[in-house]
Amino acid sequence: MAPVMSRAYTIVGGGLAGALLAALLARRGHRVDVFERRPDARLRGYEGGRSINLALAARGLAVLREAGLGDAVLAQAVAMRGRMVHPREGQINFQPYGRVDRECIWSVHRGNLNLLLLDAAERAGARLHFHQRLNYVDFAARRAELVNDHDRSVQWIDFDALIGADGAGSALRAAMQRHVDLHEHFEPLGHGYKELEIPPLDDGGFRIARDALHIWPRGGYMLIALPNTEGTFTATLFLAHRDGTPNFEQLPDAAAARDFFEREFPDALALMPGLAADWADNPTSGLATLRLRRWHLDGRAVLIGDAAHAMVPFHGQGMNCAFEDVAALDRLMAEHEDSVDAFAAFEADRRPNAEAIQAMALENYVEMRDSVDNPDWRRQRALELQLAERHPGRFVPRYSMVSFTRTPYAVALERGRWQRELLVEATRGIDDLSSIDLTALDARIVDGLAPLPEDWLELAR
């Protein structure tokens, strides 16, 4: 491939996706400017206001490794090898994510990861500008107005191409929508979340198993907890806003919340001495899925990550999907001399996959809050693992395709639905898996599923 001509790119948003993209583009020799509305977190501390923990899966880690940042990120991450399920009744049980120990996901601190990526971008030569909120875009003149909400100053900049990495509330998306119909559709989940904390033991150790994502499933709602390197867990309560019982409106204060936890999560309550303060101090936030039918405005602007396809967090893939966006856009801008072609190719490549993981994330909420404690689902899961052993690389559980391989999300969705139908049919009306005709299932699998390509599977081996 011929050397790429140096170009100028303006990135709106210095979060995870924006900072990583800035690093990759600057390493290719492009002039890159990043405008972030918040202050520099490396000087003032992280002010994200969003979930502290994120789940890093194999596909996201692969992008970081290709950027030379994988080891640095893993040094500040905690491996989670499965779900530790805390049922309302009965024994706590561990459900491994994969067939082997190395099939795990990683709990990473959003703020620390953002700082690492900002440093990487700056080292690569990107110029970072903080306290800079995008206020207006003149697409015809290719000029943008930026406002400093700290000192109220205003500046106009010229741009060749704008890249929107500014999250679900994207200012660039709003500017594009005023210029062309993106067919924007927000789908509120009707449920929200509140973050709480499980502190470490007095000696700094973890109060519960550190190598698991803990889930307290309760049917229509749930509590989860992810480990942090310093011995804490970030716990998150997912609950209906107002429709249904229980809901957040029925828990107006810390006293009501404590009564609720005593009834529904007594073992978790025992781990949370600061529940009252956390409940009062931490906001209740909403959840929604954002879908667009158009991600770019010819060669003048394009959206990536949550700005293009915000999703609910129940598959832990929002960051991973955004990192794949970054890798794809970086590659396609290197392959196409014209930004119009690059942005169109990017949308064609990534939009079907983003829509697929959005659908799977919604489905996974039901699995996490309900199915993991359901005997039928657990029986199907046991058979799923058996079939994965019998057909490696061909019958791969959907969760494994999403979390431990680079199988495109759209392919994982399609194959996963076929496999789920087979599992439901094979286990219907039985209590003992030994009564299943595995030879007949083997024939159906060989006939119905082609092996996954080796380059998609290499991360799982």
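Since the structure is predicted, the reported quantities are computational estimates derived from the model, not experimental observations.
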Task: Whether Phe314 and Tyr365 hold their rings parallel, tilted or perpendicular, with breakpoints at 30° and 60° - done: parallel
Open item on the list: Looking at Lys194 and Ser285, would you say the former's side chain and the latter's main chain have a donor-acceptor pair under 3.5 Å?
Closed with: no
Task: Nearest non-hydrogen partners of Leu290 and Ala307, listed with the distance - done: CD2-O, 3.5 Å
Open item on the list: Which residues pass the ring pair (Phe, Tyr, Trp, His ring centres under 6.0 Å) test with His214, not counting sequence neighbours?
Closed with: His86, Phe233
Task: His131-Asp151 side chain donor-acceptor pair, cut-off 3.5 Å - done: no
Open item on the list: Under a plain distance cut-off of 3.5 Å, with no hydrogens placed, do Asn93 and Gln91 share a side-chain donor-acceptor pair?
Closed with: no
TODO: Please work out which of the three classes, parallel, tilted or perpendicular, describes the rings of His309 and Trp295, given edges at 30° and 60°.
DONE: tilted
Task: Note: Glu264-Arg88 ion pair, threshold 4.0 Å (strictly below) - done: yes
Task: Donor on one side chain, acceptor on other, Asn228 and Thr234, under 3.5 Å - done: yes
Open item on the list: Using side-chain heavy atoms (C-beta onward) and a distance below 4.5 Å, is Ile92 in contact with Met84?
Closed with: yes
Open item on the list: When you measure from the side chain of Asn135 to the backbone of Leu146, do you find a donor-acceptor pair of N or O atoms at a distance under 3.5 Å?
Closed with: no
Open item on the list: Go through it in stages, so that I can follow the logic: the residues are Phe238 and His191, the test is ring-ring contact (aromatic ring centres under 6.0 Å, His included), and I'd like the CA-CA distance, side-chain angles, deciding distance and then a yes or no.
Closed with: CA-CA 7 Å; Phe238 294 96; His191 285 215; 8.9 Å; no
TODO: Search all heavy atoms of Leu457 against all heavy atoms of Gly393 and return the closest pair with its distance.
DONE: CD1-CA, 3.7 Å
- [ ] Give a yes or no answer on whether the side chain of Arg59 reaches the backbone of Thr407 with a donor-acceptor pair at less than 3.5 Å.
- [x] yes
Open item on the list: Any donor-acceptor pair under 3.5 Å linking the side-chain atoms of Gln132 with those of Gln155?
Closed with: yes
Open item on the list: So does Arg242 get a backbone contact from the side chain of Asn247, meaning a donor-acceptor N/O pair under 3.5 Å?
Closed with: yes
Open item on the list: I need the minimum non-hydrogen distance between Phe323 and Ala17, along with the two atoms involved.
Closed with: CE2-N, 4.4 Å
Open item on the list: More than 12 heavy atoms of other residues, nucleotides or ligands under 6.0 Å from CG of Asp281: yes or no?
Closed with: yes
Task: Shortest non-hydrogen separation from Ala382 to Leu433 and the atoms involved - done: CB-CD1, 3.6 Å
Task: Polar side-chain atom of Asn114 near backbone of Gly14 as donor-acceptor pair, under 3.5 Å - done: yes
Open item on the list: With side chain to side chain donor-acceptor pair (under 3.5 Å) as the rule and sequence neighbours excluded, what pairs involving residues 310-322 come up?
Closed with: Gln317-Tyr409
TODO: With sequence neighbours left out, write down each residue that passes ring pair (Phe, Tyr, Trp, His ring centres under 6.0 Å) with Phe159, or none if nothing qualifies.
DONE: none
Task: Reported CZ-to-CE distance for the pair Arg258 and Met272, which is rounded to 0.5 angstrom - done: 11.5 Å
TODO: Using the six-membered ring of Phe186, assess whether NZ or CZ of Arg173 lies under 6.0 Å from its centre and within 45 degrees of the ring axis.
DONE: no
- [ ] Can you sort out the partners of Arg417 under salt bridge (charged side-chain N to carboxylate O under 4.0 Å, His left out), two or more places apart, ordered by chain and number?
- [x] Glu363
Task: Inter-residue atom distance Leu303.CG - Phe346.CZ, 0.5 Å rounding - done: 8.5 Å
Open item on the list: Would the distance check show the side chain of His391 and the main-chain N or O of Arg394 forming a donor-acceptor pair, the cut-off being under 3.5 Å?
Closed with: no
Open item on the list: Just to verify, what does Arg415 make a salt bridge (charged side-chain N to carboxylate O under 4.0 Å, His left out) with, not counting sequence neighbours?
Closed with: none
TODO: Report the residues that fulfil salt bridge (charged side-chain N to carboxylate O under 4.0 Å, His left out) with Glu89, sequence neighbours left out, ordered by chain and then residue number.
DONE: none
Task: Side chain Asp40, main chain Phe130, donor-acceptor under 3.5 Å - done: no
Open item on the list: I'd like to know if the side chain of Asn374 reaches the main chain of Trp377, judged simply by a donor and an acceptor atom lying under 3.5 Å from each other, with no hydrogens or angles considered.
Closed with: yes
Task: Test item: Tyr9 and Arg7 side chains (from C-beta on) under 4.5 Å apart, heavy atoms - done: yes
Open item on the list: Side chains of Trp216 and Asp267 only: does a donor on one sit below 3.5 Å from an acceptor on the other?
Closed with: yes
Task: Flag, side chain of Arg81 to backbone of Asp101, donor-acceptor distance under 3.5 Å - done: yes
Open item on the list: Out of the candidates Val73, Leu64, Leu61, Leu16, only one should pair with Val108 under the side-chain contact (heavy atoms from CB on, under 4.5 Å) rule; please name it.
Closed with: Val73
